[in-house]
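Taking it in order: structure first as structure tokens, then the write-up.
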Amino acid sequence: MKVNKKAIGSSFDDFLKEEGDYEKAQAVAVKRVLAWQIQKAMKDMHLAKAEMARRMKTSRSHLERLLDPRNDSLTLSTLARAGHVLGREIRLELVQPQAA
């Protein structure tokens with residue numbers, strides 16, 4: 001069995017960067033967290049999907065796309081409307097990457 005010595009000690013982030021998949025993986029991870037947070041807030045508020053969609057002034061299918069952790073198409077206005085309905089504040093930040 002041949003061992004790639006370059007990979008020893010490297011991080012998963014480094015691997016994703018080398019493969020060109022880092023940004024996509026980051027986007028998917030952020031979307032999954034957001035979808036989970038929205039679903040949890042809806043559950044805590046006993047808010048059904050149909051009612052959430054009505055309050056957001058959108059369709060149920062649009063809400064389903066928002067809640068689908070695999071669907072990474074998301075607009076800031078949709079996210080802001082969901083946050084408003086749930087009484088939450090949306091925070092986005094552009095930061096310098098941490099040094100390895």
Side-chain angles (χ1 to χ4, degrees):
M1 180 166 96
K2 186 176 178 181
V3 175
N4 181 358
K5 293 190 185 237
K6 181 181 177 191
I8 295 174
S10 66
S11 71
F12 187 61
D13 287 352
D14 291 337
F15 169 76
L16 290 173
K17 288 174 185 173
E18 288 173 11
E19 296 296 312
D21 294 330
Y22 181 75
E23 289 79 12
K24 177 70 174 173
Q26 287 289 95
V28 169
V30 167
K31 175 61 189 308
R32 286 182 182 209
V33 169
L34 287 170
W36 175 80
Q37 288 175 329
I38 292 167
Q39 288 176 337
K40 182 174 181 329
M42 287 173 59
K43 183 178 178 182
D44 292 348
M45 295 175 66
H46 307 286
L47 193 59
K49 290 179 182 179
E51 180 60 16
M52 177 70 174
R54 187 189 69 75
R55 292 183 188 185
M56 286 178 63
K57 297 179 174 59
T58 193
S59 68
R60 171 87 186 258
S61 62
H62 192 86
L63 177 63
E64 289 291 348
R65 287 190 297 273
L66 173 64
L67 297 175
D68 181 354
R70 297 171 308 247
N71 186 333
D72 63 358
S73 64
L74 172 68
T75 66
L76 294 177
S77 62
T78 299
L79 186 56
R81 285 197 320 268
H84 176 75
V85 168
L86 298 169
R88 301 296 201 277
E89 182 178 294
I90 305 300
R91 294 184 191 170
L92 296 174
E93 214 176 348
L94 187 64
V95 298
Q96 291 287 334
Q98 293 179 342

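Note that these values count all heavy atoms, side chains included, but never hydrogens, waters or copies made by symmetry.
The minimum heavy-atom distance linking V85 with M45 is given by the pair O-CE, 3.9 Å. The nearest pair of heavy atoms linking R60 to A50 is CD-N, 4.2 Å.
The distance from atom CZ of R88 to atom CG of L79, rounded to the nearest 0.5 Å, is 12.5 Å. Atom OG1 of T58 sits about 11.5 Å away from atom CD of E64, to the nearest 0.5 Å. Separation of atoms CG (L86) and CG (D44) is listed at 9.5 Å; rounding is to 0.5 Å. We find the CE-CZ distance between M42 and R55 to be 10.0 Å, quoted to the nearest 0.5 Å. In this structure, CD on E51 lies 14.0 Å from NE2 on H46, to the nearest 0.5 angstrom. K31 NZ to L66 CG: the interatomic distance, rounded to the nearest 0.5 Å, is 5.5 Å.
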(request) Report the C-alpha separation of E89 and R91 in whole Å, then their side-chain angles, then the decisive distance to 0.1 Å, and conclude whether the salt bridge (charged side-chain N to carboxylate O under 4.0 Å, His left out) test is met. (result) CA-CA 6 Å; E89 182 178 294; R91 294 184 191 170; 3.0 Å; yes
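With sequence neighbours left out, the side-chain hydrogen bond (donor to acceptor under 3.5 Å, both in side chains) criterion links H62 to R65, T78.
Using a 4.5 Å cut-off on side-chain heavy atoms (C-beta onward), L67 and M52 make no contact.
With hydrophobic clusters built from ILVMFWY side chains whose heavy atoms lie under 4.5 angstrom apart, V33 does not share a cluster with I38. By the criterion of side-chain heavy atoms lying less than 4.5 angstrom apart, applied directly or through intervening Ile, Leu, Val, Met, Phe, Trp or Tyr residues, W36 is not grouped with L34; the two fall into different hydrophobic clusters.
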